Structure formats: structure tokens, C-alpha cells
Amino acid sequence: MLFLISKRVLVAFATVLVVIVLSGLLIHVVPGDPVTAMMAQSVSATPEVMAEMRARLGLDLPVWQQVMLYLTHVLQGDLGTTIRGNEPVLRLLMQRVPNTFALAVSGLGLALAIGIPLGFLAAVNRGRMVDTVVMFIAVLGVSIPAFWLGLIMIQVFALKLHWLPVAGSNWRNILLPALTLGLTYCALVARMTRSALVDVLEEDYIRTARAKGLREHEVLLVHALRPALISIVTVVGLVFAYLLGGQVIVENVFSWNGIGRLAVQAMLERDYPMIQGFIVVFATSVVIVSMLIDILYSFLDPRMRQK
Amino acid sequence: MSISTEISLRRRGLPLGVLLGLGLAIFIIAAALLSNYLAPFDPTRMAAGPRLAAPSSAHWFGTDEFGRDLFSRVLVGGRLSLGIGIFAVVSGLVIGGLMGLIAAFSGRAVEAVLLRLIDVLYSFPDTLIALALVAFLGPGIENATLAIAISLVPFYARVTYGLAAAERAKPYIEAARLAGIRTGRLVRVHVMPNIGQSLIVMGTLGFSSAILSAAGLSFLGLGVQPPSPEWGAILASGRNYINKAPWILIFPGVAICVTVLSFNLIGDSLRDLVDPRRKGRP
Amino acid sequence: MNSPYLSVRNLCVSFPAISGGFRAIDDISFDLARGEILALVGESGSGKSMTSLSIMKLLPAVAQMSGRIEIEGQDISAFGRRQMEDVRGARIGMIFQEPMTSLNPVLTIARQMTEGLVRHNGVSMREALATASTWLEDVGIPEPARVLAQYPHQLSGGMRQRIMIAAALALRPGILIADEPTTALDVTVQSQVLDLLVDLKARSGSGILLITHDIGVVAETADRVAVMRGGRILEIGTVDEVLRSPKHDYTKALLASHLTVDKGLKQRAFELEEARP
């Protein structure tokens with residue numbers, strides 16, 4: 001078991017390294033001189049300042065050296081400073097990480113709370129009207145852009161009905177963006193739940209349970225749902241990654257003060273160090289969450305518990 | 001219990017999903033291709049009607065804050081989206097497919113490294129990859145299309161690898177190898193036709209993804225630039241007029257949903273028929 | 001002479017949706033009394049497994065069933081789901097071919113053994129565990145307490161099959177349907193499990209409907225035998241009658257193929273013996 005966990009950690013770490021390298025490389029994607037592009041709107045853009053920035057970012061060095069430089073900086077916790085106010089990127093991001101996580105977790109919670117029962121309903125009534133309806137709703141859900149749903153939600157709930165406030169990042173304001181994310185991604189969860197349950201319901205042990213004369217609800221809720229949920233856990237990590245990706249735009253729609261909103265602002269301002277920093281933080285978050293979920297799965301599935 | 005599943009599939013006939021999806025898709029593609037003829041107004045022409053006018057017989061979808069006809073804008077926006085989608089999917093499929101095939105048919109070392117790389121990228125949402133790329137490439141429709149194409153590469157690479165690896169294990173490939181057929185020809189003549197079907201299915205699903213990414217990018221101001229009427233861009237400008245002119249929000253959004261929905265329906269139904277693991281399972 | 005516990009009359013199972021309408025079981029009838037073992041023998045596709053599933057009403061929804069099935073004189077063919085849930089397990093038990101996949105991998109053995117008892121007999125968990133423990137001993141599993149706490153993947157195929165048998169018989173059904181119970185097991189374990197079944201039958205008084213494709217098993221274990229082919233019963237009678245004087249060509253062919261294998265093995269052993277200096 002310990003071996004398994006350390007293997008996971010190693011893989012996670014390697015993944016983050018790859019992302020850092022890719023992030024470091026991205027600055028070379030910029031057509032033309034990155035520093036010029038970055039400082040285009042800055043008042044204090046003198047040639048000396050620009051040269052200094054170029055040196056700091058290692059842009060005069062050969063590519064691989066620049067990437068190594070970036071890598072060593074990041075591993076030491078230095079994600080650079082923003083163009084805007086010369087503040088350390090890491091600090092700015094970390095300030096907002098709790099907000100992003102709060103929203104992400106709420107959104108994921110809602111997505112699971114709505115999606116799993118829907119998927120269950122569809123799987124149990126497979127082939128019948130309920131199944132078709134639920135699955136159609138799910139396909140529809142997957143086709144709706146999260147940010148558009150967010151705008152509609154604002155329109156309906158905040159502006160027309162004056163039920164909920166529009167912007168801000170505290171506990172009262174989390175409902176609408178969380179609901180937006182939850183409703184968007186519950187479709188994905190519903191599809192995966194249905195798929196997992198349909199697989200389980202075809203297993204021999206379900207037939208055994210029925211042959212014992214157990215009541216159908218016990219067969220479904222105990223013998224079918226439990227193994228299905230365990231296999232759904234493996235997919236939750238994926239859903240989380242997608243949700244977090246959609247959240248980047250949703251934070252913008254709701255002016256939610258998280259790293260997504262910060263990142264988009266940086267993108268519009270060509271604040272490359274900030275964008276790179278965001279990529280690293282985002283990737284690290286996703287990787288850590290996936291790893292934790294993997295480990296959780298090892299504990300939940302009795303077949304994995306030993307060894 | 002194979003008998004029951006076989007019956008279920010037949011009983012449903014051709015899935016309703018394919019018919020609905022196909023119907024919608026044809027309608028949308030036709031509208032997009034003919035957009036220049038169907039649009040009553042020039043989508044960029046300001047003051048074609050009163051500003052922020054509600055939908056009427058003169059302006060089916062109403063007008064926006066500059067008095068531009070929304071119906072024309074949505075129509076032409078469709079052509080933009082579909083164009084971006086097709087280009088991105090084809091490029092992504094070609095590059096990603098190549099990567100996947102290389103990974104499957106080269107030596108162990110290449111396979112291991114490439115696969116790791118693909119897996120790392122695959123675990124991140126494609127919209128975000130596109131966003132990150134556009135952030136550095138700069139805004140604009142060409143950059144956005146390129147970014148979206150690259151964002152689809154990990155997906156297509158992984159899918160192609162999976163399919164190719166499955167084919168690789170089959171006896172007929174082994175037989176061909178023993179007969180002395182070289183890898184290049186093997187892949188081209190034997191493997192490709194067999195996985196081609198599945199790849200087409202994946203093409204439709206990637207298409208939906210591409211359109212959503214395009215809309216997202218343009219919404220944030222990083223994709224198609226105004227005054228081009230990409231759906232996401234229209235939503236961005238409509239955002240300020242949510243209260244006064246909700247139709248600016250509604251119509252482009254519905255257009256996105258319907259388009260993505262139609263391709264998802266087609267892709268889903270096709271996948272059920274093509275995926276060997278799910279064959280015969282509704 | 002016992003009156004039959006299970007009585008099947010004119011059972012037909014068809015699948016109308018398959019082109020032409022496919023008849024999996026075509027008008028079969030037989031009886032099974034308590035304390036006797038009736039073997040249903042035939043090749044795959046003969047309909048023998050489907051017979052057992054029909055009795056338990058575990059067929060897929062698209063199947064159409066007609067005929068009479070009586071348990072202790074009571075006609076269950078018209079029973080709805082809730083009524084069948086009372087019949088299954090408590091009055092008719094069933095064990096399956098694949099012990100590896102027939103037990104739920106995420107539930108403990110304790111859970112899977114006691115749930116039937118709690119459900120049908122309304123006993124408390126403690127009582128159920130005690131009963132389960134005793135039954136595990138009866139089927140020859142050492143250290144029942146330890147096994148109860150384990151999960152299926154920690155046990156061998158033979159042990160799992162014994163557990164399935166124990167779980168089924170603990171509910172004291174009048175008859176037990178055993179669908180190819182030894183086919184997926186190692187040869188050495190096969191005879192152990194068969195002996196176990198015969199032994200338990202004698203002790204509990206349950207009848208056993210033994211589904212198998214192996215005529216050797218029939219000869220060893222069964223009291224009566226029915227030969228199935230293409231959804232029909234070709235002949236039915238005591239093992240003695242059918243195996244010594246088979247009426248049908250098919251039965252003769254079945255017997256011949258078994259004996260050939262047997263004879264062939266004996267011949268090779270003889271040759272090997274000769275080859276040694």
C-alpha cells in the first residue's frame with residue numbers, strides 16, 4: 001500500500017514537472033518579442049527596464065537553458081512577478097486559491113448530487129422512457145456552455161427575480177456560480193453514472209442477489225450502487241479537471257475572485273509570467289486532487305486494500 | 001444475457017438520436033453555407049435598425065447595441081464557428097492521429113515517452129489548453145483556430161493510439177508482419193481503414209468541443225475579434241445589456257447549444273454502434 | 001413416494017423479437033421431489049440453463065414464457081415480482097457456474113451470507129451470523145469466523161462455490177437449482193463439491209436440479225436424468241434406465257463420446273506403461 005501511494009506521488013510530481021516545462025516553453029510561442037508585447041501598455045517601459053526583464057526571464061539564453069531557468073525558479077517557489085504591479089505571482093495566486101477551491105468543490109458537490117441520482121434513474125430504467133428522457137437531458141447539458149448558463153442564471157435569478165446578488169465572492173454569492181457549474185457538469189456525471197451502473201447490473205453477482213430473493217431495492221442500492229459508486233470515484237478526478245477548466249470562464253461571468261478570473265485578466269493584459277504561474281498552479285491543483293482521489297479509490301475497493 | 005441486449009438494440013431501430021442530430025446538423029450546415037444569401041442585412045452594418053430593438057418581423061432576432069441585425073449576425077456567426085470547427089478538427093485529427101500512430105508503431109521507448117506526454121496533456125480540459133495557447137499567440141481568429149486545433153491533439157492522439165494498439169494485437173497484423181510487410185505500408189493499408197470508422201465518430205465529438213472552445217475564447221475577447229459576429233463574441237457584448245435586450249443573450253446561446261447538441265447526438269449514437277466494447281449495448 | 005416439490009408442465013420460452021421468433025424452450029415437463037437429484041444434461045444451447053432461469057423467473061424482460069410451474073402444488077407462473085421475491089431463495093435456491101464472478105466483490109462474505117437470512121427469516125444479524133458460521137463449517141470451510149470477515153477475491157474458486165452452496169442452503173429451500181456448479185472449477189475440486197452437494201442433500205432433504213453438460217457427473221451423482229436438446233426433453237428417467245438403455249440416438253451419442261474419452265485415457269496410460277523399460 002505504501003508502495004502504491006509513493007508511486008502515485010512520483011507520477012504526480014513527474015506530471016507537474018512536465019507541465020512546468022511546457023509552461024516555460026510557452027513564452028516562445030509569442031510571435032515577436034514577448035517583452036515588447038508584455039510591456040506594450042506599460043508606462044514605465046524604457047529600454048533598460050525591458051532589457052532587465054528579458055534577462056530575468058532568460059529570453060536571451062538558448063531555449064533549453066531558459067526553460068531550465070524557469071524550472072529551477074518554480075521549484076524554489078518563485079513564479080515570477082506580474083507586469084502590472086511587480087508583485088510576486090505566487091502570492092497573488094495563492095490568495096485566490098481558496099476562493100476557487102470553494103467554488104469548485106461546491107460545484108462538484110452539486111454536480112454529483114444531481115448527476116448520480118439521475119444516472120441511477122436512467123440505468124435502472126434502461127431502455128424505457130425515463131432513460132431516454134434523462135439521457136437526452138444529459139446530452140443537452142453537455143452541449144450548453146457553462147458561461148452562457150451562468151449569464152442566463154444571472155438574468156433570471158439575480159436581475160429579474162432579485163433573489164440573489166450578482167457579484168462578489170463570499171458565502172452568500174456562491175450559490176449562483178456553484179449552481180451554474182453543478183448544472184453544467186451534472187450531465188457528464190449522469191452519463192458516467194449510468195454507464196457504470198449498466199455495467200454493474202450485467203454482472204453475475206446481481207443475478208445471484210436476485211436469486212436469493214432479495215427485494216429489488218436492496219439489489220439496486222446495495223449490490224449495484226456500491227460497486228458502481230466505487231468505479232465512479234475513478235472518474236470524479238476527470239470531472240473535477242473539466243469543471244475547473246469551465247470555472248475559469250464562469251469566474252469571469254460572476255466576477256468571482258478566484259485564480260480563473262485573475263488568469264483571464266492576465267491573458268487580456270499579456271501578463272505572461274502571471275499566465276505561466278496560473279498554468280502551474282492549475283495543473284498542480286488538478287494533479288493533487290486526482291492523486292488524492294486515486295488513493296481514496298484504493299481504500300474504497302476491497303480488492304485494492306491489501307498488498 | 002447476450003440475447004436480450006441484441007434484441008434491445010434492434011427494437012429501437014436506428015436511434016432517434018442519429019435522426020434528430022443529423023437533421024439538425026444538416027439544417028445548421030445549410031444555413032451556415034448559405035448565410036451570405038440568407039442574411040437580410042450585412043452583419044457588421046450598424047444602424048440597420050433601431051438600437052436594441054426587440055425581435056420583430058423586420059428583425060427576427062432583434063438588434064444589438066449598435067443597431068446591427070442580430071439574425072444576420074447569428075447566421076454569419078454560424079459560418080465562422082463551423083469553419084473554425086472543421087479546420088481545428090481536421091488539423092487536430094491529422095496531427096494527433098499521426099502522434100497516436102507513431103506511438104503505437106514505433107519502438108517501446110518512443111511509445112513510453114510519447115504516451116506519457118499524451119496522457120499528461122489529455123488530463124487537462126481542452127478549452128483551457130486553447131486558452132493558454134491563445135494567451136501567448138495573441139487574439140484573433142487564426143490564432144484561436146490554431147490554438148483549438150492543438151488543444152484537440154492530445155484527445156485525438158490518445159484515441160488513435162488506443163485504436164491502433166488494439167488493432168496491433170490482432171492476428172492479421174501479426175500475419176502481415178511475418179509476411180514481411182513494412183510498418184509504413186502496414187499502417188497505411190491495413191490499420192487505417194479499420195480504425196477510420198471510429199476516428200470519424202471521434203471527429204464529430206471533437207467538433208462539438210471545438211465550437212464550445214471557440215465560443216468561450218471569443219466570449220473572453222481572446223478569440224474572434226469584433227466586429228466579427230462569432231457567437232461567443234456576440235454574447236460578450238450582449239452581456240452589458242442583459243436587462244434591456246435579453247434577446248442578444250438568448251439567440252446566439254441557443255445557436256451554440258443546438259449546434260453542439262446536434263453533433264453530440266450524432267457522435268454519441270455513432271459511437272454506440274462503432275465502439276466494440278459497447279457494441280450491442282444501448 | 002413423495003409428491004413432487006417442483007412440477008413443470010408444458011414450459012415454453014420464446015423470444016418473439018428475434019427474427020422468426022426463437023423458441024429457446026419448447027414444451028418441456030418434469031417433476032422434482034424433495035431429496036432427489038434430477039440432472040438436466042445437454043450441450044450448450046440446449047436450453048438447460050434457460051430452464052433454471054425460467055423457473056426462477058430471472059429471464060430477460062423480452063422473453064415470453066408459458067406453461068405451468070408449481071411449487072408444493074401452488075402455481076407460481078402468474079406470480080408478480082414481489083411474490084417471486086418471496087419464492088426465490090426461501091423456496092427455491094440457486095447456485096451458478098462462475099464462483100469467481102457470482103459473488104459481489106465489494107461486500108464481505110458475512111454480508112452476502114446473512115442478507116438472505118435476514119430478509120426471509122427476519123432474524124437478527126447476530127443470529128444470522130451464527131447460522132452462517134455453522135453452515136460454513138458444514139460445507140467444510142475451516143475458521144468460519146475469519147472467512148466471514150473476508151472478501152471474495154481473497155478466497156479460491158472452490159471455497160467460493162462452497163460459500164455459495166452454504167448461503168443457498170442456509171435458507172432451507174425445498175429445492176436447489178445448481179447450474180453447472182463444477183464446470184469452472186479445477187478437476188480435483190469438482191468431485192469434492194459434487195460429494196458435498198450429495199451429502200448436503202441427504203442431510204437437508206432438499207431436492208437438487210443439477211444442470212450439467214458432463215454425463216460423467218450425471219452418472220456419479222444423479223438419481224434421475226433428463227436429456228435436453230434444442231429446447232426439448234428427449235428422454236427422462238432414472239439414471240440406470242437412461243444410461244444403460246438409452247432410447248434416443250442423441251443420448252447414445254452423448255454416452256459414446258464420454259466413454260471414448262475414458263477409454264482413450266486408459267489406452268494411453270497403458271501405452272505409456274509399456275514404453276518404460
Side-chain angles (χ1 to χ4, degrees), chain A residues 14-15 18-19 22-23 26-32 34 37 126-127 131-132 135-136 139-140 142-149 151-152 154-155 159-160 195 198-199 202 207 237-238 241-246 248-249 252-253 263-264 266-268 270 272 275-276 278-279 282-283 286-287 290, chain B residues 1 5 8 11-12 16-17 20-21 116-117 119-121 123-129 131-139 143 147 208 211-212 215-217 219-222 231-232 235-236 238-239 242-243 246 249-250 252-254 256-265 268 278 281-282:
Chain A
T15 309
V18 170
V19 173
L22 289 174
S23 182
L26 272 178
I27 200 147
H28 295 279
V29 165
V30 178
R126 181 169 150 202
D131 182 20
T132 316
M135 278 302 108
F136 184 77
V139 175
L140 193 62
V142 170
S143 311
I144 297 181
F147 64 89
W148 185 63
L149 185 63
L151 289 170
I152 302 260
I154 291 181
Q155 160 74 339
L159 297 177
K160 275 276 180 306
S195 180
V198 161
D199 280 348
E202 285 183 1
R207 187 181 53 176
L238 196 74
Y242 272 92
L243 186 137
L244 214 54
V248 170
I249 311 183
N252 230 269
V253 169
V264 171
M267 290 178 192
L268 291 167
R270 305 236 206 299
Y272 298 137
I275 304 172
Q276 287 174 308
F278 164 77
I279 294 174
F282 181 92
V286 167
V287 161
S290 297
Chain B
M1 290 294 162
T5 45
S8 311
R11 196 158 58 154
R12 285 167 90 207
L16 182 65
L20 187 60
R116 265 265 118 236
L117 188 65
D119 270 343
V120 165
L121 292 172
S123 55
F124 298 110
D126 50 311
T127 305
L128 208 63
I129 297 179
L131 205 56
L133 284 166
V134 152
F136 288 90
L137 283 170
N143 287 339
S208 327
I211 293 186
L212 283 173
L217 288 178
F219 176 75
L220 292 174
L222 291 163
W231 291 332
L235 286 175
R239 192 176 163 185
I242 294 184
N243 242 345
L249 198 57
I250 297 175
V254 170
I256 299 175
C257 289
V258 169
T259 309
V260 174
L261 178 68
S262 65
F263 284 94
N264 273 340
L265 283 173
D268 270 359
R278 289 175 63 173
R281 181 184 298 171

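Throughout, a chain's letter reflects where its sequence line sits, starting with A, and its residues are numbered from 1. Because the structure is a prediction, the values reported are computed rather than measured.
- Residue B:I129 does not touch chain A at all, counting heavy-atom pairs closer than 4.5 Å.
- Looking at B:V254, both its backbone and its side chain come within 4.5 Å of chain A, counting heavy atoms on both sides.
- Rounded to the nearest 0.5 angstrom, B:L131 CG and A:M267 CE are separated by 4.0 Å.
- When every heavy atom of A:Q155 is checked against every heavy atom of B:L249, the shortest pair comes out as CB-CD2, 4.5 Å.
- Here the straight-line distance linking atom OG1 of B:T127 with atom CZ of A:F147 works out to 9.5 Å at 0.5 Å rounding.
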Notebook entry, point to check: Going through the checks in order, is the side chain to side chain contact (heavy atoms under 4.5 Å, CB included) test met by A:Y242 and B:D126?
Noted result: CA-CA 9 Å; A:Y242 272 92; B:D126 50 311; 4.0 Å; yes
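- To the nearest 0.5 Å, atom OG1 of residue A:T15 and atom CG of residue B:D119 are 9.0 Å apart.
- Interface remark: B:I211 contributes no atoms to any contact with chain A (heavy atom separation under 4.5 Å).
- One distance of note links CG of A:L151 with CD1 of B:I242; it measures 5.0 Å at 0.5 Å rounding.
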- Message: Set out, in order, the CA-CA distance, both residues' side-chain angles and the distance that settles side chain to side chain contact (heavy atoms under 4.5 Å, CB included) for B:L121 and A:L22, then state yes or no.
- Response: CA-CA 10 Å; B:L121 292 172; A:L22 289 174; 3.7 Å; yes
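- The greatest number of non-hydrogen atom pairs below 4.5 Å with chain B, out of A:V18, A:V29, A:I144, A:L26, is found for A:L26.
- Only the backbone of B:S123 comes within contact range of chain A, judged by heavy atoms closer than 4.5 Å.
- Per-residue counts of heavy-atom pairs under 4.5 Å with chain B were compared for A:G246, A:S290, A:P145; the largest is that of A:P145.
- The aromatic rings of A:F282 and B:F124 sit tilted, their planes meeting at an angle between 30° and 60°.
- One distance of note links CG of A:L140 with CG of B:L261; it measures 5.5 Å at 0.5 Å rounding.
- Interface residue A:V139: backbone and side-chain heavy atoms are both found under 4.5 Å from chain B.
- Atom CH2 in A:W148 sits 12.0 Å away from atom CG in B:L212 (nearest 0.5 Å).
- Proximity to chain B involves both the backbone and the side chain of A:A283, based on heavy atoms less than 4.5 angstrom apart.
- Within the 4.5 angstrom heavy-atom criterion, atoms from both the backbone and the side chain of A:V142 approach chain B.
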